[in-house]
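To start, the structure itself, in structure tokens.
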Amino acid sequence: MDIIKKYITNNPCYQQAKTIVPKGIIVHSMGVPQPDEDVIFNNFNKSTAKSAVHAIVGKNKVYQIMPWTYRPWGCGSGEKGSGNDSYIQFEICEPSGFKYGSGSHMIGYDAKKQQSYFDCVWENAINLAVYLCEEYKLSPNSIICHSEAFLKGIASNHGDVMHWFPKHERNMDDFRKAVANKLSYIPTAPINQKSDVKWLQERLNKANPSYTIPVDGKYGPKTRIAVLMFAESKGWDWSKKTGYSVGQGTINSLINIK
Ligand SMILES: [Zn+2]
């Protein structure tokens, strides 16, 4: 997952440029059947916009639309204050092919048909949350959705994302667990097979941000070069090694990259 930085410079919240110290993450979904990340971006990037979040998570793209430490206009407020003062917030785009009735009731939502879309945005949202947890030293337990933020008294009364996730038999506990699993994940065997290549690519990108490789799970030439560059940066002699696989020593070094 690549995070594409594209700021909503026309948005009045962005222009205020107030800052926060992130203490957690609030997950939203848009509440409109609109999967096009660019349409959502354009709606946020208006001088008349009344809300602003840090990122838009779609099936194909993840846009970072404000610096992570800008104060968002994401969740409103409740009797105990506002999550906007301390939470990084992102919106997940919902698919098309259904309608909204009153409130957050989805009419004609075919969960079976939407499953592959859901799986994509679920994975993108988890990857973004993992990135943010690592970046700001946040616990997976600090991740809540808008409806949970309302119950905590720090947000307006919205149903997202729990009006949607359960249609795919998922809830926020599943989300937090998936993030925690990914954060603590350590490959148990040398990496040369498909299952761990994404982990390797994410770690290599962290190790060397100036040589970004696509996180596609394929052990191609770019990944191989990144492995060799990592070995070289460590001062290891890799002259006899091909870079086609990664052993336990390299894995251990990659784990320690923050
Ligand atoms: Zn929301």
Side-chain angles (χ1 to χ4, degrees), residues 8 11-14 16 18 20 22-37 39-46 48-59 61-66 68 70-96 98-107 109 114 117-118 120-122 124-126 128-129 132-133 138 140-168 170-176 179:
I8 45 173
N11 186 297
C13 173
Y14 176 93
Q16 275 194 352
K18 287 189 181 171
I20 59 165
K23 284 197 321 208
I25 299 167
I26 295 178
V27 182
H28 299 263
S29 72
M30 285 301 298
V32 286
Q34 177 52 267
D36 189 325
E37 301 90 346
V39 171
I40 302 292
F41 174 88
N42 289 335
N43 280 332
F44 277 120
N45 193 28
K46 281 180 182 160
T48 51
K50 299 260 187 300
S51 64
V53 291
H54 297 96
I56 300 165
V57 173
K59 177 174 172 245
K61 293 176 205 160
V62 175
Y63 282 137
Q64 180 190 357
I65 61 174
M66 289 206 296
W68 304 118
Y70 270 25
R71 185 184 184 278
W73 292 347
C75 65
S77 60
E79 77 265 17
K80 287 187 186 145
S82 174
N84 292 337
D85 291 327
S86 51
Y87 284 80
I88 296 174
Q89 301 183 37
F90 63 79
E91 291 277 2
I92 303 173
C93 301
E94 296 173 10
S96 56
F98 71 98
K99 279 182 198 156
Y100 270 102
S102 60
S104 53
H105 181 56
M106 292 168 136
I107 296 168
Y109 188 90
Q114 305 286 11
Y117 177 93
F118 184 82
C120 281
V121 292
W122 171 265
N124 284 343
I126 283 166
L128 176 60
L132 292 169
C133 282
L138 304 172
N141 292 327
S142 72
I143 305 169
I144 54 177
C145 73
H146 192 157
S147 64
E148 289 177 319
F150 168 69
L151 294 175
K152 276 172 85 96
I154 55 166
S156 57
N157 186 2
H158 280 210
D160 57 314
V161 295
M162 286 307 291
H163 72 302
W164 180 30
F165 279 16
K167 295 190 187 302
H168 295 278
R170 291 278 198 285
N171 60 33
M172 284 306 292
D173 284 334
D174 297 323
F175 191 89
R176 285 181 280 268
V179 172

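Numbers here simply count residues along the sequence, with the first being 1. Side chains are part of it too, since the values below use all heavy atoms of this structure and drop only hydrogens, waters and symmetry mates. Numbering of ligands and ligand atoms starts at 1, following listing order.
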The Zn ion (ligand 1) contact by Cys75, N, O or S atom under 2.8 Å:
no
So that I can check it, does any N, O or S atom in His28 come closer than 2.8 Å to the Zn ion (ligand 1)?
yes
Of all N/O/S atoms in Asp160, which lies nearest to the Zn ion (ligand 1)?
OD2
Among the N, O or S atoms of His146, which one sits nearest to the Zn ion (ligand 1)?
ND1
What residues form a side chain to side chain contact (heavy atoms under 4.5 Å, CB included) with Ala125, not counting sequence neighbours?
Val57, Phe90, Ile92, Phe175
For Ser156, does its backbone N or O pair with a side-chain atom of His146 as donor and acceptor, under 3.5 Å?
yes
Arg176: salt bridge (charged side-chain N to carboxylate O under 4.0 Å, His left out) partners, not counting sequence neighbours
Glu148, Asp173
Just by distance, with hydrogens left out, do Glu94 and Tyr109 show a side-chain donor and acceptor under 3.5 Å apart?
no
